[in-house]
Trainee: 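Next up is a structure, given as structure tokens.
In the text below, chain A, chain B and the rest are named by the order of the sequence lines, each starting its count at 1. Values in this document were obtained by computation on a predicted structure and should not be read as measured data.
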Protein chains: 2
Amino acid sequence: MTAPEPVLAARPGGRSARIRAAVHRAVVQLVAEDPADGLTVPIVAARAGVHATTVYRRWRTVGELLSDVATSRFSGEIVVPDTGSLRGDLRRWAADVATDLADPDVLALMRAALGAGGQQGACACRGDRERQLAAMIERERARRSGPVPSVERAADVLLGPLYYRAIFANAPGSPEWARDLVDILLPGPVDPTDDGARSRA
Amino acid sequence: MTAPEPVLAARPGGRSARIRAAVHRAVVQLVAEDPADGLTVPIVAARAGVHATTVYRRWRTVGELLSDVATSRFSGEIVVPDTGSLRGDLRRWAADVATDLADPDVLALMRAALGAGGQQGACACRGDRERQLAAMIERERARRSGPVPSVERAADVLLGPLYYRAIFANAPGSPEWARDLVDILLPGPVDPTDDGARSRA
DNA sequence: ACACGATCGCAAACATCACTGCGTTAACCA
DNA sequence: TGGTTAACGCAGTGATGTTTGCGATCGTGT
């Protein structure tokens, strides 16, 4: 009642932020270098130029650390486009996601987060993407009155193939391929004006 | 030229097979019990009633062990149906895969194999499924002369959503939902006789 | 049934990891 | 600008994981 927000107000100051960034960077590097090799706290700490104790205190286990890194990496990296139509939005967005998933380092991070982070890690990898999908579909629902695909179906048809190819087939799809996935979700003739390709105008 | 197959003929006799089975069973159990907890060789060995040395010698790392277990688990578990039509085959097969993926233990094993096994683990989880898909499509190609979807597209539309829901969304689809995925791959009116549901006749 | 050799169990040595106080640094606030 | 305290560095310790050499066991072919 006295102070505005007294409880649990952390101290995200300069040093903490610097250490957090260094550790995150170290994790990304190490996972990219040798995905199979078991990641341990001392190794990460050494690479980050930080003491292992610090890592143990901020992130209890390697799994939590990986989940945290994955959450940061897969949040805000892609922006929701606004082309004026759902088809155009989805096409550009799918192409962007495909481009992002084409980076081997990203794949290594996702696999590591899935393995060590379990349920937590899985959510870290897909949470933001599904939210973006929901935002685009919700916007379309407000725009038009006709039938709009559900978020679930959009995730099945778009994120399913995208993530499957990247993680399991280890052959990330091209942006063009990803763009065409939208035609599975939205049947009917393709309106040339609803293109997700970078307009040169 | 002298002996039939002299070189590198291992000794897959009774004891080796027994130990292999015990270790595999231990891995499945432990991964199912606590997916996030880091799996180590001593822990697996203790559960299997085998000495850690043996595990270290047969499988060099935990990653290789997990890949091996995943390969065994995801091979031969599902048989390729033969209903007489591609649509029927795929519908029943997709439903079977969905049923298999609904087991939390299977999900835990897949995540662990992805994390520790890397590329190897990923292939272990999808290899047999994609081969089955190719077999069904190849059979259809020999049966009819019309257009038949490619294996790649079938994997995108069927395995993509199936695996995505299981691994990332942690909400495995129902067999009925999986069955309907086939209608995305094979457009046109659904022939009632081409059903993948268990016929009660 | 016998001999050969691959595989396993065992124990010890070694390396690494995970955790715990305590002193020090530096971010936050008045 | 100075005090307060959360967060970090440090060193030591117990626990755990990994490797290696040797003797024993059990499958395999004759």
Trainee: Please check if atom CZ in A:Arg153 has more than 12 non-hydrogen atoms from other residues, nucleotides or ligands closer than 6.0 Å.
Mentor: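 No, because the 6.0 Å sphere around CZ of A:Arg153 holds 12 heavy atoms or fewer from other groups.
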
Trainee: Salt bridge between B:Arg143 and B:Glu140, side-chain N to carboxylate O under 4.0 Å?
Mentor: yes

Trainee: Roughly how far, to the nearest 0.5 Å, is the OG atom of B:Ser174 from the CG atom of B:Asp180?
Mentor: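 The CG atom of B:Asp180 sits 8.0 Å away from the OG atom of B:Ser174.
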
Trainee: Quick one: which of C:dT20, C:dT7, D:dG21 gets closest to the side chain of B:Arg15?
Mentor: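 Closest of the options to the side chain of B:Arg15: C:dT7.
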
Trainee: Is A:Arg141 atom CZ crowded by more than 12 heavy atoms from other residues, nucleotides or ligands, each under 6.0 Å away?
Mentor: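 Yes - once you tally the heavy atoms of other residues, nucleotides and ligands closer than 6.0 Å, there are more than 12.
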
Trainee: Take atom CZ of A:Arg18 and atom P of C:dA26, then tell me their distance rounded to the nearest Å.
Mentor: 9 Å

Trainee: I'd like to know if B:Arg131 pairs up with B:Asp128 as an ion pair, taking the criterion as any Lys NZ or Arg NE/NH1/NH2 lying under 4.0 Å from an Asp or Glu carboxylate oxygen.
Mentor: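 A salt bridge is present here (some side-chain N lies under 4.0 Å from a carboxylate O).
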
Trainee: Which residues in residues 24-43 of chain B have at least one heavy atom lying under 4.0 Å from any atom of DNA chain D?
Mentor: B:Thr40, B:Val41, B:Pro42, B:Ile43

Trainee: Check the angle between the aromatic planes of A:Trp59 and A:His24 and answer parallel, tilted or perpendicular using the 30° and 60° thresholds.
Mentor: tilted

Trainee: Is the closest basic N to carboxylate O distance between B:Arg139 and B:Asp82 below 4.0 Å?
Mentor: yes

Trainee: Will you find, in the side chains of A:Asn170 and B:Arg126, an N or O donor that is under 3.5 Å from an N or O acceptor?
Mentor: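 Note: A:Asn170 and B:Arg126 side chains miss the donor-acceptor criterion.
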
Trainee: Any donor-acceptor pair under 3.5 Å joining the side chain of A:Ser16 to the base of D:dC8?
Mentor: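 Answer is no: no donor-acceptor pair is held.
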
Trainee: Strictly below 4.0 Å, heavy-atom distances to any atom of DNA chain D: list the hits from residues 54-69 of chain B, or just say none.
Mentor: B:Tyr56, B:Arg57

Trainee: Look at the side-chain N and O atoms of B:His51 and state whether any lies under 4.0 Å from the OP1 or OP2 oxygen of C:dC10.
Mentor: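 Yes, because at least one side-chain N or O of B:His51 sits under 4.0 Å from OP1 or OP2 of C:dC10.
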
Trainee: What is the distance from CD1 of B:Ile19 to P of C:dC8, rounded to the nearest Å?
Mentor: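 Distance, rounded to whole Å: 5 Å.
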
